[in-house]
Amino acid sequence: MRKVLIVNNCLFIGGAEKLLFELAVFCRSQGLEPVVLILDNYEIEHYDKLLKELKIEVIRVRLSTLIHFRKPLYMIRSILWFIRLKYFAAKTYESIQVIGLHNVDKVYHVIRHPHRSFWNVNNTIQFYNKIYPYQDFMLRNPDDTIVCINEYEIDELYNQYGRDVIKSEIKLFKLFLNDTD
Amino acid sequence: MIQINVVARIAGDKNSFIDIIYLMHRIKQSGMNDVKVLFIGGLHDTVVYHNATRLSELLGVSDRVGFTLKSIPLAQLPQEVKDGYFLHFSVGNFIGYSAIETVNMGFKSIFYNADPALEAGMTDSICFCRNMDHFIELIRLLSTDRANTDAAIIAGNKAAKAKINLTEDDKIKLLSILVPQK
């Protein structure tokens, strides 16, 4: 089955995590196999249970700091995943979906793949002085896609970083529910 | 009594508490005494919580401000809370998942614009409040004409709910993101 890797840093109750969950459920409905990768966080959280009920694989690894001698099994697992993501992700997954631009700098140089989508889940009003805190390198690769969840985000990105910097394709996709009451 | 509910964990990345406590102060100043707000969410940051409770004391609205201090699934909330108004911050016309979920569950939902720069282009709907004055006016309408105002909010929520579903075109577009052909 074709796999899609969805990356975030937690699974507690929150908007970004709800987006992750809905994306995973949508993948399933379309015959895709979602795999959820949680970075640098080994807690069991709200959506772990819901994803488990759907038999969706959740992997928790540290990618920012691989050395972790106090938990050698975690360390070995992280190193294996680091290698897998760096050298074999393109062969394993149809695409990489990173939820939140705040997570992109953690994986930008680790997960190599020709089809990476970075979901922007924040507007500038959520940040001090209405300025995105993200480094611009993550917007420069024309093979990557930035997915904005509202039209304001697109204007905000172009206004802050400029069209000469943003080389990634920008797409707009709304928040959604797979099952509405 | 007008019961306003705000679903938000008490955490450092949430700045809604100060704004809403100040709103409660403005509502009190306006002479409306039948309004209460309940913050529904877990306690993740005691500093944020203490600042919020201290501000409500200073503004004299402590008796109108409550906290559950734990996360509670919406379906498990007491009926009197469910019958209240779920207040969510919006960015212009954009509403996030907490708002989508209360709309989807049929709870009366109100959206309060957090970005003053986007006021001018906002939807002309009673449930979208452009600014603080607009929100206070909505509370006044609820105080004076609850039935008609409720009906207008419910109609506005239905319009918002209609946009949540994925159309066939949406599905094709989302698939093109998940399984790009380029």
Side-chain angles (χ1 to χ4, degrees), chain A residues 2-6 12-19 21-24 26-27 29-32 34 46 93-97 102 113-117 119 121-128 130 142-143 145 147-153 155-156 169 171-181, chain B residues 7-9 11 13-16 19 40-42 44 70-75 88-107 113-118 121-122 158 160-167 169-182:
Chain A
R2 296 180 298 169
K3 292 183 175 182
V4 174
L5 185 69
I6 309 174
F12 61 42
I13 297 176
E17 293 67 39
K18 178 68 175 170
L19 172 62
F21 181 76
E22 294 296 334
L23 282 174
F26 179 78
C27 283
S29 73
Q30 300 299 312
L32 300 166
H46 177 75
Y93 305 106
E94 295 290 324
S95 71
I96 308 296
Q97 308 292 320
H102 55 281
H113 199 288
H115 302 312
R116 302 188 299 187
S117 293
W119 290 72
V121 295
N122 294 103
N123 287 89
T124 54
I125 191 68
Q126 295 169 265
F127 298 103
Y128 181 66
K130 291 185 73 175
D143 290 334
T145 301
V147 184
C148 292
I149 56 174
N150 62 64
E151 69 268 32
Y152 309 119
E153 289 180 349
D155 292 339
E156 290 167 352
E169 184 180 5
K171 288 185 176 178
L172 176 65
F173 199 80
K174 67 181 184 181
L175 296 183
F176 64 97
L177 296 177
N178 286 281
D179 296 312
T180 52
D181 292 336
Chain B
V7 180
R9 63 182 182 279
D13 64 338
K14 300 291 176 192
N15 56 7
S16 58
D19 293 60
I40 301 165
H44 293 253
K70 61 179 181 179
S71 64
I72 303 173
L74 295 171
H88 304 277
F89 280 83
S90 74
V91 178
N93 294 323
F94 170 74
I95 59 171
Y97 265 120
S98 64
I100 285 172
E101 289 191 272
T102 61
V103 165
N104 187 45
M105 294 178 81
F107 300 152
N113 174 39
D115 189 346
L118 303 176
M122 282 185 66
K158 278 186 179 169
K161 183 173 178 175
K163 298 175 183 172
I164 296 169
N165 295 314
L166 289 175
T167 65
D169 284 347
D170 291 333
K171 290 179 182 177
I172 290 167
K173 187 176 179 184
L174 184 51
L175 269 176
S176 77
I177 294 169
L178 296 169
V179 187
Q181 298 302 314
K182 64 181 178 183

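Computation of the quantities below employed the complete heavy-atom set of this structure, encompassing side-chain atoms and omitting hydrogens, waters and symmetry-equivalent molecules. In this text, all values refer to a predicted model and were calculated from it rather than measured experimentally.
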Participant: Do any N or O atoms from the side chain of B:Lys173 and from the backbone of A:Phe173 form a donor-acceptor pair under 3.5 angstrom?
Facilitator: no
Participant: At what distance, to the nearest 0.5 angstrom, does CG of B:Leu174 lie from NZ of A:Lys171?
Facilitator: 10.0 Å
Participant: Counting only non-hydrogen atoms closer than 4.5 Å, does A:Leu19 touch chain B with its backbone (N, CA, C, O), its side chain (CB onward), both, or neither?
Facilitator: both
Participant: Count the heavy-atom pairs under 4.5 Å between each of A:Val4, A:Val121, A:Asn123 and chain B, then report the option with the highest count.
Facilitator: A:Asn123
Participant: Please answer whether the main-chain N or O of A:Phe26 pairs with a side-chain N or O of B:Lys171 as donor and acceptor at a distance below 3.5 Å.
Facilitator: no
Participant: A:Glu22 versus chain B, heavy atoms under 4.5 Å apart: side chain, backbone, both or neither?
Facilitator: side chain
Participant: Quick check against the 3.5 Å criterion: does A:Glu151 have a side-chain atom that pairs as donor or acceptor with the backbone of B:Phe94?
Facilitator: no
Participant: List in chain and number order the residues that pass ring-ring contact (aromatic ring centres under 6.0 Å, His included) with A:Tyr152, two or more places apart in sequence or in another chain; answer none if no residue qualifies.
Facilitator: none
Participant: Which atoms of A:Lys18 come close to chain B, meaning under 4.5 Å heavy atom to heavy atom: side chain ones, backbone ones, both, or neither?
Facilitator: both
Participant: Tell me, side chain or backbone of A:Glu156 under 4.5 Å from chain B's heavy atoms, or both, or neither?
Facilitator: side chain
Participant: Under 4.5 Å heavy-atom distance to chain A, tell me which part of B:Leu118 shows up: side chain, backbone, both or neither.
Facilitator: side chain
Participant: Check whether any side-chain heavy atom of B:Ile177 sits under 4.5 Å from a side-chain heavy atom of A:His115, and report yes or no.
Facilitator: no
Participant: Return the set of residues passing salt bridge (charged side-chain N to carboxylate O under 4.0 Å, His left out) with A:Glu94 (not counting sequence neighbours), or none when no residue passes.
Facilitator: none
Participant: Is A:Lys130 atom NZ crowded by more than 12 heavy atoms from other residues, nucleotides or ligands, each under 6.0 Å away?
Facilitator: yes
Participant: Check A:Lys174 against B:Asn165 and note the closest heavy-atom contact, atom names and distance.
Facilitator: NZ-O, 2.6 Å
Participant: Measure distances from A:Ile96 to the heavy atoms of chain B and classify the residue's part below 4.5 Å as side chain, backbone, both or neither.
Facilitator: neither
Participant: Roughly how far apart are B:Asn104 CG and A:Leu177 CG, rounded to 0.5 Å?
Facilitator: 5.0 Å
Participant: Please classify the contact of A:Phe12 with chain B as side chain, backbone, both or neither, using a heavy-atom distance under 4.5 Å.
Facilitator: side chain
Participant: Only pairs of heavy atoms separated by less than 4.5 Å count here; which of A:Ile6, A:Leu172, A:Ile13 has the most with chain B?
Facilitator: A:Leu172
Participant: Does any non-hydrogen side-chain atom of B:Tyr97 lie less than 4.5 Å from one of A:Phe176?
Facilitator: yes
Participant: B:Asp170, B:Leu178, B:Leu175, B:Asn93: which one forms the most heavy-atom pairs within less than 4.5 Å of chain A?
Facilitator: B:Leu178
